[in-house]
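Data block below; observations after.
For clarity, every value in this text was computed on a predicted model and none was experimentally measured. Computed from heavy atoms alone, side chains included, the values below leave out hydrogens, waters and symmetry copies. Residue numbers begin at 1 in each chain, while the letters A, B, ... track the order of the sequences.
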There are 4 protein chains.
Amino acid sequence: MPKIVNHEKYKIEILSKCVDILARRGYSAVSMREIATELDVSTGTLYHYFATKEDIFKELVKFVLSKDIEELQLYSKGNPGQTLELRVESLFQMIQARESYFQNLLYIICDVSRLKNHEEEKTLITDAMKEYVNIITKHLGVTNPNLNRILISVILGTVVQRIVDGDSISLSDTSEIIKDFMSLILSNSFTF
Amino acid sequence: MPKIVNHEKYKIEILSKCVDILARRGYSAVSMREIATELDVSTGTLYHYFATKEDIFKELVKFVLSKDIEELQLYSKGNPGQTLELRVESLFQMIQARESYFQNLLYIICDVSRLKNHEEEKTLITDAMKEYVNIITKHLGVTNPNLNRILISVILGTVVQRIVDGDSISLSDTSEIIKDFMSLILSNSFTF
Amino acid sequence: MPKIVNHEKYKIEILSKCVDILARRGYSAVSMREIATELDVSTGTLYHYFATKEDIFKELVKFVLSKDIEELQLYSKGNPGQTLELRVESLFQMIQARESYFQNLLYIICDVSRLKNHEEEKTLITDAMKEYVNIITKHLGVTNPNLNRILISVILGTVVQRIVDGDSISLSDTSEIIKDFMSLILSNSFTF
Amino acid sequence: MPKIVNHEKYKIEILSKCVDILARRGYSAVSMREIATELDVSTGTLYHYFATKEDIFKELVKFVLSKDIEELQLYSKGNPGQTLELRVESLFQMIQARESYFQNLLYIICDVSRLKNHEEEKTLITDAMKEYVNIITKHLGVTNPNLNRILISVILGTVVQRIVDGDSISLSDTSEIIKDFMSLILSNSFTF
DNA sequence: CATGAATGAGGGTTCATTCAT
DNA sequence: AATGAATGAACCCTCATTCAT
């Protein structure tokens, strides 16, 4: 372990290593010792970089959301697709590739909404949700915000169901139905 | 009347009073003392009826799910509706009336899936999810299981979004879009 | 250990058992575990009766001072003495009998004055010091408050010196000199 | 010049900067980090000059006492005064000017006597106390050691009282009474 | 020489649980 | 049946101390 460290960089490294354990075990269920053991450092080191356990969680929320938004924005710029069908497919492929991230996100959302003193993090999540709507709007070219919200619902709900039962319904099955749905809309000049 | 009846009855009473605090604060975040205080009893009393904290949670999961399924079955029998549109509307009205329950359910699902030694409860939730599919099948007369799964996703995902931001998208907004979607399907003799 | 306890009475019992260890080892140097071991209870029990370590100390200060004042007042009522000489002797005898208490008091004064958030306890000590002046005034019939303050100084200072070196100067040696001093004052009709 | 000189010099500099924080916060209550922060150095630097925290305290006790004795001896040589009255006045003026030092000394005495493994420091304090008696003997020309001990008691006790309540009794008030007392002794050819 | 990152034992405190009453 | 006093392991966090740089 180096004694000369880029403090901020190492904080980020710790955070990125924390995401899984904190999301999957839960903020209240996981102890600082467990986190330290998982990261292969001492509790003292954890406290050298973060003032409190809550602090770790707060910075982790910021880190996870901002990193996610960033990646999604890169994705939505780079990969438009030519037909609505292709764009839906590309969207769901991307989501499928990030399914494990979305599970973490769901767990984190539950923790943030249940814990006290996390108003700021709630706001960050609310903002992120709006940004997701924006990204879908740009990517699919579907401008009805409520429709986009429902697409997000479909994704989040599928994540929930797959947490419960991994084989219940896959994101690719969902993708197929959504594609049909979208085609239907187009072919009927439906206005959302 | 044997005493066991009152004993069991009181257990149920305790469980029903526990649901909110356990769901909303989280299994790991809430203490036995908090639960006792909330219920206005001593911790000793809690341990007179349940062997461990884990036990309370396990029995609570069973209680909540069975009570829910029961109510949903009663609902689906009593209230068919004549057109698909009406049935969708009736379904969403029912869900809207039970939104706070669905939030609790979501929190409980997260806890069950994150905690150790809850295999039995996971199975119960998986079964409950299948039962939801059955109920929707009967109620809407839509037999494609994946489509029904997506309807459940829409509901669960909306619950998640409304946990994050109470005003983001209402279940009634969602209902409108789903109704249109369903009409579209019918008018096109779409086969799911 | 009884399960039916007079809560307040047991608190007092704990406090009286704590005085020595807290005074002699020092608030910051002694740990809750040490206190618990000394009292032959668990840390949990300590926290059942007192919210925090600070709380123990605060209640201990109140307890020690009030008990002391009470005893001194009883003493000063019961034992006037006929000549000034006898009264001085009686005063110092009493103080000598309480020397170990005065050492504790000195340590506690140092802790209170050094720790943060003990304004209330500082006031209690200030008040106690005034009460000591009153008691000496009544007991000796010497009304000059500064002179009484000096008598208290002599006592406190002797306690300090005897903490440093148990044999340096005894309270009875001091008593002799003070008696001579007082006789001198009387024989000269000195006005303080 | 060998480097050792600067090393020792810097140690003294550190010690003299430590006195206040260690005396006023207390050995057990103050942390190495706090000391380092106060001195505007790193903890590593502290450990470069002193092996342990205890070491700092031990050397600090030596430093404070020897510096004090030195200054007092200088004072007693340089400033005899012509009458007993003037000499008492001069003594108390000196003490008044050093009141804050005497407070620190009192705190340090309490810490040394309460902490373990400070036998050597206890001896140093005992010796210092004897040296104080010597100095008073020389300065006042009063040879009764018990009387000198009482004078020291008056000073220490006044320091304690002024720690409790800064305005209770000043050293100059005390000085006045002591002067009268001494005059009384002289005019009566009292033999101490 | 000086720094501050790293450590893990030990600090205050809370917890699930037991059991005398 | 119901209480709440008692326990001690485990929690979050701080500490004195070490050592690579």
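Remark: the D:Ser113 side chain and the C:Tyr107 side chain contain an N/O donor-acceptor pair separated by less than 3.5 Å.
In this structure B:Leu124 satisfies the side chain to side chain contact (heavy atoms under 4.5 Å, CB included) test together with B:Lys62, B:Leu65, sequence neighbours excluded. Listed by chain and residue number, D:His7, D:Tyr10 satisfy the ring-ring contact (aromatic ring centres under 6.0 Å, His included) test with D:Tyr49 (two or more places apart in sequence, or in another chain). Residues that satisfy the side-chain hydrogen bond (donor to acceptor under 3.5 Å, both in side chains) test with B:Thr45, not counting sequence neighbours, are B:Ser42. In this structure, C:Ser28 has no side-chain hydrogen bond (donor to acceptor under 3.5 Å, both in side chains) partners at least two apart in sequence or on a different chain. Residues that satisfy the side-chain hydrogen bond (donor to acceptor under 3.5 Å, both in side chains) test with B:Thr43, not counting sequence neighbours, are absent from this structure. Annotation: side chain to side chain contact (heavy atoms under 4.5 Å, CB included) contacts of C:Glu8 (sequence neighbours excluded): C:Asn6, C:Lys11.
Every pair tested for salt bridge (Lys or Arg N to Asp or Glu O under 4.0 Å) that includes a residue from residues 42-52 of chain D fails, sequence neighbours excluded, so the list is empty. Legend: side-chain hydrogen bond (donor to acceptor under 3.5 Å, both in side chains) pairs involving residues 114-128 of chain C, not counting sequence neighbours, sorted by first then second residue: C:Arg114-D:Asp111.
Going from atom CG of C:Asp40 over to atom C1' of F:dT7 covers 13 Å, rounded to whole Å. Nucleotide E:dG4 holds its P atom 20 Å from the NZ atom of A:Lys9, rounded to whole Å. If you take CG of D:Leu39 and P of E:dA2, they are 13 Å apart, rounded to a whole angstrom. For the pair A:Asn6 CG and F:dT21 C1', the computed distance is 15 Å after rounding to whole Å. In this structure, CG of D:Leu46 is placed 14 Å from C1' of F:dT18, rounded to the nearest angstrom. Put simply, NZ on B:Lys11 is 14 Å from P on F:dA2, counting in whole angstrom units.
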Show every donor-acceptor pair shorter than 3.5 Å between a side-chain atom in residues 17-27 of chain A and any protein atom, with sequence neighbours excluded, or say none if there are none.
residue	atom	partner	partner atom	Å
A:Lys17	NZ	A:Glu13	OE2	3.4
A:Asp20	OD1	A:Asn104	ND2	3.3
A:Asp20	OD2	A:Arg24	NE	3.4
A:Arg24	NE	A:Asn104	OD1	3.0
A:Arg24	NH2	A:Ser100	O	3.4
A:Arg24	NH2	A:Asn104	OD1	3.2
A:Arg25	NE	A:Glu34	OE2	3.1
A:Arg25	NH2	A:Ala29	O	3.4
A:Arg25	NH2	A:Glu34	OE1	3.0
A:Arg25	NH2	A:Glu34	OE2	2.5
A:Tyr27	OH	A:Glu54	N	3.2

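Counting heavy atoms from C-beta outward, D:Leu60 and D:Ile108 have side chains that approach closer than 4.5 Å.
Proximity of D:Thr45 to the phosphate of E:dA2: no side-chain N or O atom is located under 4.0 Å from OP1 or OP2. Distances shorter than 4.0 Å separate none of the side-chain N or O atoms of C:His48 from OP1 or OP2 on F:dA6.
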Report, as a single string ordered 5' to 3', how protein heavy atoms within less than 4.0 Å touch nucleotides 12-17 of chain E: B base, S sugar-phosphate only, - not at all. BBBBBB

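Heavy atoms of D:Tyr49 sit under 4.0 angstrom from primed sugar atoms or phosphate atoms, though from no base atom.
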Could you provide the dot-bracket string of DNA chain F, using ( ) for intrastrand pairs, [ ] for crossing pairs and | for bases paired to another strand, with Watson-Crick or G-U pairs below 3.5 Å? .||||||||||||||||||||

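At a non-hydrogen distance threshold of 4.0 Å, nothing from residues 113-122 of chain B comes into contact with DNA chain E.
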